[in-house]
Amino acid sequence: MARLIAKRLGQMLLIMGVTSLLLFAIFDTDQFRRQIAVSELGGFGVATLNAADYEGWLEKKGLNEPFLSRYVTWVGDVMQGDLGRSIEKNMAVSTLLADRLQRTAILASCFFVLMVPISLTLGVLAGMREGGRLDRVISIVAVVTTSIPQIATAVLLTVFLSLGLGWVPAKSAMVGGFSFRELVLPLLTLLIYDIGYVVRMTRASMAEVMSANYIRTAVLKGLAGSHVIVGHALRNALIVPFTLIFLQLNWLLSHVVVVEVFFQYSGFGRMLYEAAMFGDIAVLQAATLVAVAVAALSQLLSDIAYILLNPRVGAAG
Amino acid sequence: MDTHSPQAATASPSPILECRNLSVSYETRAGLVPAVVDFNLKLMPGEAHGLVGESGCGKSTIALAIMRYLGRNGRITGGQVLFEGRDLLTLSPTELRRVRGADIAMIYQEPMASLNPTLRIGRQLAEVLTVHQGLDRASALDRAAAMLERVRLADAGRILAAYPHQLSGGQQQRIVIAMALLANPKVLLLDEPTTALDVTVEAGIVDLIRDISTEFGTAMLYVSHNLGLILETCQRLTVMYSGEAVETGPVDEVFRRVRHPYTRGLFASIPVPSADKASRPLVTIPGQLPSPTNRPHGCYFGPRCAFFEPGRCDEAAVPMAQVSRTHASRCRRIAEIDWDTPAAGAVTREETKIGRTVLQVEGLSKRYHAVRANEDLTFEAREAETLAIVGESGCGKSTFARILMGLDQATSGSISLMGEELARLPVTKRDRVTIRSLQMVFQNPFDTLNPSQTVGFQIARVLRRFGARMSEAQIRERVLELLDTVKLPRDFAGRRPRQLSGGQKQRIGIARAFAGDPAVVVADEPVSALDVSVQAAVTELLMDIQRRNGTTLLFISHDLSVVRYLSDRVVVMYLGRIMEQGRTGDIFAPPYHPYTEALLAAVPIADPTIRKRKVVISGEMPSPSNPPAGCPFSTRCPYAIEDLCERTVPPAQLFGEGHAIACHLPRETLLAMEPIILAADSLNEANNHHA
C-alpha cells in the first residue's frame, strides 16, 4: 500500500513537471508576449510604444528573461507557495485560486452527495433483474441522458426550468452573494449526464454478479432475496462502480468548464477558461497543477478503494 | 417418518425425492426448447443415484429444476417434484426457501466460482445455520468448525478466517461440501463435483462423498459425465440422452446387462483397462448429439443407432419399457437385439513397428524465477511411437510442450529433433523444415480456429506455407484429401468454424497438424474438452493417421485411461520432474513409483468386473515456487522415508527395458508392490508379467 502511494505521488510530480514545462514552452513566443502587452496596456497603448519602451516593459514584467531561468524561478516560487500574479485579474494567483476552488468545491460536493446514492441505487435496482421491466426503463433513461451533450442539456434546462417555468434563475453568477437556487441548473446539467453513466456501469457490474455461481450458492442455501442482494451481491457488485466514482472527480474538473462558463458560475472551470483565452500564464500553470493533483489523487483513492474492497488484491499486493 | 406420502400405504418404503414426468424447457429466440422431457426418478432415503450423460443431455437441468432454480429462461413445463410427498413446484417462495439448503442441498462443479470471493469462509458457512436453525453467530461458527473436521479439513480456525482464493481447489470443494451438510439435509444434489479437480484430489473428494452417504444417511443425486465415478459412488443410475432418460436401473445390473444401444455405445467408447489399441480398439458412436431444437422423430438416438429400424424407431415417441422389476430402457427393440455380442466395429489392428529415435530430450530444465517448471527431464521418442506425458495440473507437461514448440526457451539442457538442437531456439528462428516437422494439436478446438475464415482456407494456408511447390489445384486436391483423412465430408472445406461441432473442429485441428506431413505431433489434451462419445472417435482418428504416417505422437494428458489405451511408452511427471518412465505395460503394473501408484488408484474405472486396491494419499501438490529439496512427491508420499526423501533427490532405479523409477525405496520394496488394478480376466496377464 505504501509503495502504491509513493508510486502515485511520484507519478503526480513527474506529470506536473512535464506539463508545466510544456505550458511554459508554448507561451514563450514574441507573439504571445505582445498579446500580453496588448491585453494589459491596450492595443493603442502598445502601438504607441517604441521598441526601447516595449523592451523596458518586458523587463519590468520579467518577460525577457531566458525561458529556462524563468521556469526555474517559477518552480522555486511554487515550492515556497507563491503561485505568482494573475496579469488579467491583477491579483495573487493563490487568492484567486482559493476563491474559485471553493466555489467549485461547493458544486462538486453537492454533485457527489446526489450522484453517488442515486446512481448506485438505480444501477443496483436495474442490475438485480437483468432484462426485467425496471431494468429496461432505467437503462433506456440512462442511455438517453448520457447521449445528450452537456451544452444541450444546459440549454434545454435553461429554456424549461428558468425561461419557461421560472423556477430558478438562468444564470449563476451569484452577484448578490451565494444562492442555492442559482446552483440548481449547473448541478442538474452535471448530474443528468454523469448519473446515466455511473448507473450503466453499476448495472453492468450488478448484472454480472447476479449471474455468478456464488449467487446461485447463496440462493440455494435458502437465503431470502434481500439477504442475497445485501449480504452477497452488493459488495462484489460495488467494487467496480466504487472505484469509478473516485475517477468522476477528475471527470468533473474538466466538465465544470462547460457548465461554469455557460451559467457564468465563478468557479475553477470558468477561471481556467478565462485564463486560457487571455493567456494568463500564471493562472493557467496553477490550474494545471491543481488538475494534475486531482487526477493523480483520484486515481490513488480509486486504487486504495479497490484494494480495500477486494480481498483477492489485498492478499496479492 | 410421519408424512403422508402417496406410497405410504404400500409395503415398500416411500422415496424421499421423486420426479414425476418432469419436463423443463428453455425460452430462446427460436421459441420454447425442451431441455428435459418426461423425466422420472425415485430416490430412496440413503440411496445414491447417478445421472449420467454428455453435455446438453439435461442432467444438470434436472438438478436445478429440483431446486427450482432455472434462471430467467428456464420453465418447468410439466410434472411434479415430490420431496417427502410434497410437490416442490407448488411451494410458496418462503416454503421453498425453507427446503433449500436445509432439506435439499447442492454441491457444485466449480468450487472457486461457487464461493463468494469477498466473504470469509466462516461467514459463508455460519449463515446456513443462522438462517435455517436460528443459531447465533458464535455457535454457528462452532458448528461450522466441527463440520470442517468431518470433511477432513485440518486447521479449522485458519480456514474459517480465510477468503476462498486463499485455499486450494480441493479445500474449496470440501468447504462447499461442508456448507451443504451443515443443516443436515436429507438429499444432496451433486453437479459434477470433481470435474474441475485433479485426479488425486478428486479421489479424496469421492472418498469423502462416499463416507458421507454412509455416515449421514443422506440420499444423493450424483450428476456426472464420468461413468467410472458413478460406478464407484452410486447404487442406481439413470443414463440421459438429449433430454430423456434412456436407461435406468441398479448400477451393477445396468453395467452387466446393458439394454439400450446408447448406454452400450457409451461403455464401448470409454477406454477401460481391458481395452487395448491393438487387440480391442474403442468402438465409437457415429454422428453427434442432435441439437435440442432439431431432435429427430421417435427415438432421439435413432440416427446414431446401429439397430435403427425405419418405420418403427422413427415413428412415435418411444416409451420406457421395463427390463426387469428395477431396470428400464427406452428402446423399442430390447427383445430383438443380441446384447451379449460385443458391439460391431471392433477391428483388431496390428502393432506398429517402432523405429529410430526422433526426439531426444536431455537434462532439460526451465525456471521462471523461483518456479521450477521443468527440472532435469531426460527421455526420448521414436518414430511411429506414441509417447504419453502424464501428470496433474502444475506438473510441467505444458511447459515442456511450449519449449519443444519454440514458444519458450529452456534454462538448460537440450532437445534434439533428428539431430537439430531446439531447446533454446524460438519458433521465429526455426527454419521452415523444422516447423513443418513439429506440429501441434491443441486442447481447445473452440479457440484455435480462426472464426472468420473457411476451414478449407485454413488448411490450405498450412499447405502453402510448408508444402513443396504446389499449384492451386494441387493444394485444393490435398485439402480435400486431408478432409477425407479426418473423416469429414468434402463440402466442409467451405464451412466456417462456427458451423462445426467440437469434435469436428478438433478433426480440422488434426488435419491442420498433419497437413505438412510432420515427423512429430504434440497433442496437448486433445480430447479432454470433448464429449465422451466423441472423444473415442477423435482418439481413434488421431491414432489411425499417426500409424499410417509413422508419425511420432507426444500425447500430453492427465487421463490415465486414455494414456493406457493408446500409448506405447509413458513418462509420469510430478511438479516438474519425471517420476517414472517406461513402456505402458510396465507403468501400469508393479513395480510402481508411489506417485504412479496413487494416480492409478485414483482413476475411476467404468468396469464393474475390475477391482482396485485402495491407496490413500493426503494433501495436495506443493507450490512449484517452493518445492521440497528432495523428491517433490515426498510431502504426500505414504512411503516417505524420514530425513531422506524430502532432502535428497532420488536416483533413477532401472527395472527392465527403459523402465526407470526415481525413488529412494529399496528395490525389493518396489518389486514387492501389489498391482492396483485387478480384472477378473486380466488377472492372469498381470501374473505373467510378474514372472
Side-chain angles (χ1 to χ4, degrees), chain A residues 120 124-136 139 202-203 205-243 304-317, chain B residues 27 60 63-64 66-73 93-121 123-133 161-167 172 175-176 179-180 182-183 185 189 191 196:
Chain A
L120 291 188
V124 165
L125 285 177
M128 251 162 54
R129 278 184 64 86
E130 195 184 1
R133 192 174 299 159
L134 192 61
D135 177 27
R136 268 180 276 169
S139 295
T202 313
R203 175 200 169 274
S205 177
M206 184 69 183
E208 195 193 319
V209 166
M210 287 309 286
S211 65
N213 285 352
Y214 57 82
I215 294 299
R216 180 181 68 188
T217 309
V219 172
L220 296 188
K221 253 184 210 176
L223 303 186
S226 55
H227 190 154
V228 172
I229 302 277
V230 176
H232 284 262
L234 272 188
R235 178 163 172 189
N236 291 291
L238 289 182
I239 292 175
V240 173
F242 213 73
T243 52
I304 291 174
Y306 189 73
I307 291 171
L308 292 181
L309 286 169
N310 194 340
R312 272 172 294 191
V313 182
Chain B
E27 250 174 48
S60 294
L64 291 170
I66 291 170
M67 283 294 217
R68 271 179 63 188
Y69 189 83
L70 289 166
R72 259 179 314 113
N73 303 326
T94 321
E95 291 169 318
L96 183 63
R97 254 194 340 257
R98 277 191 212 121
V99 174
R100 284 173 171 172
D103 293 322
I104 309 179
M106 191 153 172
I107 295 167
Y108 312 89
Q109 177 165 7
E110 290 170 67
M112 177 69 176
S114 305
L115 293 170
N116 193 325
T118 58
L119 296 182
R120 291 179 198 278
I121 299 294
R123 153 118 197 245
Q124 299 192 49
L125 286 173
E127 185 169 72
V128 175
L129 294 170
T130 51
V131 167
H132 286 297
Q133 304 187 352
Y163 288 103
H165 71 272
Q166 294 164 326
L167 306 173
Q172 288 166 355
I175 301 285
V176 174
M179 192 184 285
L182 265 176
L189 307 177
D191 187 7

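Computed from a prediction, not measured in an experiment: that's the story for all the values here.
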Measure from the side-chain N and O atoms of A:Thr217 to the backbone N and O of B:Ser114, and report whether any donor-acceptor pair falls under 3.5 Å.
yes
State whether the side chain of B:Arg72 and the backbone N or O of A:Glu130 hold a donor-acceptor pair below 3.5 Å, judged by distance alone.
yes
Which atom of B:Pro117 lies closest to which atom of A:Pro311, heavy atoms considered:
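Taking B:Pro117 first and A:Pro311 second, the nearest heavy atoms are O-CG, 3.4 Å.
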Partner of B:Thr118 by side chain to side chain contact (heavy atoms under 4.5 Å, CB included), out of A:Asn236, A:Leu309, A:Leu234:
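Exactly one option meets the side chain to side chain contact (heavy atoms under 4.5 Å, CB included) with B:Thr118, and it is A:Asn236.
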Top contributor to chain A contacts, counting heavy-atom pairs under 4.5 Å, from [options]:
options: B:Thr94, B:Val176, B:Leu96, B:Val131; value: B:Val131
options: B:Arg98, B:Glu110, B:Met179, B:Met106; value: B:Met179
options: B:Ala102, B:Gly101, B:Pro185; value: B:Gly101

With a 4.5 angstrom heavy-atom cut-off, which part of [X] approaches chain A: side chain, backbone, both or neither?
X: B:Leu119; result: side chain
X: B:Arg68; result: neither
X: B:Ala113; result: both
X: B:Leu64; result: side chain

Apply side chain to side chain contact (heavy atoms under 4.5 Å, CB included) to B:Tyr108 and A:Asn213, showing your working.
CA-CA 9 Å; B:Tyr108 312 89; A:Asn213 285 352; over 6 Å; no
Region of A:Ile239 in contact with chain B, defined by heavy-atom distances below 4.5 Å:
side chain
Proximal component of A:Ala218, with respect to chain B [non-hydrogen, under 4.5 Å]
neither
Is the number of heavy atoms from other residues, nucleotides or ligands under 6.0 Å of A:Tyr306 OH greater than 12?
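No, the 6.0 Å shell around OH holds no more than 12 heavy atoms from other groups.
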Residue A:Phe242 excluded, over 12 heavy atoms near CZ under 6.0 Å:
no
Taking A:Val209, A:Leu223, A:Leu220 one by one, which has the highest count of heavy-atom pairs under 4.5 Å against chain B?
A:Leu220
With chain B, which of A:Ala212, A:Ala233, A:Ala224 has the greatest number of heavy-atom pairs at distances under 4.5 Å?
A:Ala224
Just jot down the salt bridge (charged side-chain N to carboxylate O under 4.0 Å, His left out) partners of A:Glu208, sequence neighbours excluded, or say none.
none
Listing request: all salt bridge (Lys or Arg N to Asp or Glu O under 4.0 Å) pairs with a residue in residues 209-228 of chain A, at least two apart in sequence or in separate chains.
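Residue pairs passing salt bridge (Lys or Arg N to Asp or Glu O under 4.0 Å), neighbours aside: A:Lys221-B:Glu127.
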